[in-house]
Number of protein chains: 2
Amino acid sequence: MTEQMIFRAISDPTRRSIMAMLSDGERSLNDISAQYEMTRPAVTKHLKILEQGGLISVRSQGRERIHRLQPEALKTVADWVNFFSQFWDEKLANLKQAVEMDDE
Amino acid sequence: MTEQMIFRAISDPTRRSIMAMLSDGERSLNDISAQYEMTRPAVTKHLKILEQGGLISVRSQGRERIHRLQPEALKTVADWVNFFSQFWDEKLANLKQAVEMDDE
DNA sequence: TTTATAGGAAACCAAACAGTTTCATGTCAA
DNA sequence: TTGACATGAAACTGTTTGGTTTCCTATAAA
C-alpha cells in the first residue's frame, strides 16, 4: 500500500469510475462488471489493483465477492495535492491548516 | 489537457518528484536532469507528459528551456479527491464547501 | 445430485511506457 | 568562426499494462 500503488490505482479511468460506483454502496463483482463493456476478468484485474492500493476492501459472502470503497486511502493523495495547493490558493491552504490544527 | 492526461502525468514517481523540485522555482532541462540518474532524453519525455497535462509550462530563454510549475492544473485532482473526502471527513468537506461558496 | 451461477487462475496478446543510443540543430563565448 | 553547451528528434528495446480466451472451482438452487 505504498504511495505509488495509490497513484497507480487512480491513474486509470475505469478504476476511477469503479470508485465512483462504489461510493454509492457495496457491489459484487457481477454488479460491477455488468456496467462495463470489458470482460469480467478484466474488471477483476482492476479491482485487484484498487485493493492493492487500499482504495477498496473485499469480502466473501456466499459465492459472491463484495467490494467496498475505502476512501481514507485518498488522504495520501489529498495531502500530496494540498502541498501544491498553497501555490494557487492561500485562503484554502490556510483553512485546511486550521482544520488540521483543530484535529490535534 | 483532459482529466486523464493529468492523472496520467502524476502517476509516475519521477514526474511527481520533478513537480516537487519545480515548486521551489523554475529550472532548465539541464538543472532538472542533473538530479536524476536517467539520461536527459528520458527526463525530456517526462517533462513533455507533465506539459501535456498542463502541470508545467515551458519557455525558451537563449539556448535553455525553462520549466515552471503550473499547480492550478491540480485543481482537477483536488476536486476529484474532494468528492470522496465527504465519505471520510465531514468537517473538512463542509469547510471546503464554505470556501467555495465564499469564492462566488 | 444435477445444473446454473459467481468467481478464480493461467496463458496469451497488442499497445503503451520508460528508458536507451545516436545524431542533428541552435546559441553562446573565445 | 570555431568550439562548447543546451536541447531536439528518431529509432530501438525490454517491461508493464489492459485486455482477451479458456478452463477450473465453489456455492446455491432445482
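In what follows, every chain begins at residue 1, and chains take the letters A, B, ... in the order their sequences are listed.
- Contact check of residues 46-59 of chain A against DNA chain D (heavy atom, cut-off under 4.0 Å) returns A/His46, A/Ile49.
- Atom CD of B/Gln4 and atom C1' of C/dC17 are 14 Å apart (whole Å).
- Using cut-offs of 30° and 60° for the angle between ring planes, the B/Phe83 and B/Phe87 rings count as perpendicular.
- If you find the closest nucleotide of DNA chain D to B/Lys45 and to A/Lys45, the one lying nearer the 5' end belongs to B/Lys45.
- Remark on the helix from C/dT1-D/dA30 to C/dA30-D/dT1: inter-end axis angle 20°, axes from five-pair C1' superpositions, rounded to 10°.
- If you take NZ on A/Lys75 and OG on B/Ser85, they are separated by 10.5 Å, rounding to the nearest 0.5 Å.
- Comparing B/Met38 and A/Arg65 by the nucleotide of DNA chain C whose heavy atom lies nearest to each, the residue mapping closer to the 5' end is A/Arg65.
- Residues B/His67 and B/Ile32 form a side-chain contact, since some pair of their non-hydrogen atoms from C-beta on lies under 4.5 Å apart.
- For the pair A/Ser17/A/Tyr36, a side-chain contact is recorded, criterion being any heavy-atom separation below 4.5 Å from C-beta on.
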>> Is there a side-chain contact (heavy atoms from CB on, under 4.5 Å) between B/Arg59 and B/Arg65? Walk through the geometry before answering.
In response: CA-CA 6 Å; B/Arg59 71 172 196 280; B/Arg65 298 275 286 169; over 6 Å; no
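- Taking 4.5 Å as the limit, every side-chain heavy atom of A/Met1 sits out of range of all side-chain heavy atoms of A/Ile6.
- Note: CD (B/Glu64) to P (D/dG8) measures 11 Å, nearest angstrom.
- Looking at heavy atoms from C-beta onward, B/Glu26 lies out of side-chain contact with B/Leu69 at the 4.5 angstrom threshold.
- Side-chain nitrogen and oxygen atoms of B/Thr39 include none within less than 4.0 Å of the OP1 or OP2 phosphate oxygen of C/dG19.
- The A/Arg8 side chain lies nearest to D/dG18 when the options are D/dG18, C/dT21, D/dG8.
- For B/Thr39, the side-chain hydrogen bond (donor to acceptor under 3.5 Å, both in side chains) criterion is met by no residue, not counting sequence neighbours.
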Output a table of nitrogen or oxygen pairs between the protein and nucleotides 23-30 of chain D separated by less than 3.5 Å.
unit_1 : atom_1 : unit_2  : atom_2 : d
D/dT27 : O2     : A/Arg63 : NH1    : 3.2

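- The closest side-chain heavy-atom distance from A/Arg68 to A/Ser57 is below 4.5 Å.
- Mapping B/Thr44 and A/Glu37 onto DNA chain D by nearest heavy atom places B/Thr44 closer to the 5' end of the strand.
- At least one side-chain heavy atom of A/Leu55 sits less than 4.5 Å from a side-chain heavy atom of A/Ile10.
- For A/Arg15, the salt bridge (charged side-chain N to carboxylate O under 4.0 Å, His left out) test picks out no residue, with sequence neighbours left out.
- For the pairing with B/Ile56, the side chain to side chain contact (heavy atoms under 4.5 Å, CB included) check across B/Ile18, B/Ile49, B/Leu50 returns one residue only, B/Leu50.
- Residues from residues 11-35 of chain B that place a heavy atom under 4.0 Å from any atom of DNA chain C, listed by number: B/Asp12, B/Arg15.
- Side-chain contact between B/His46 and B/Met38 is present, with at least one heavy-atom pair separated by less than 4.5 Å.
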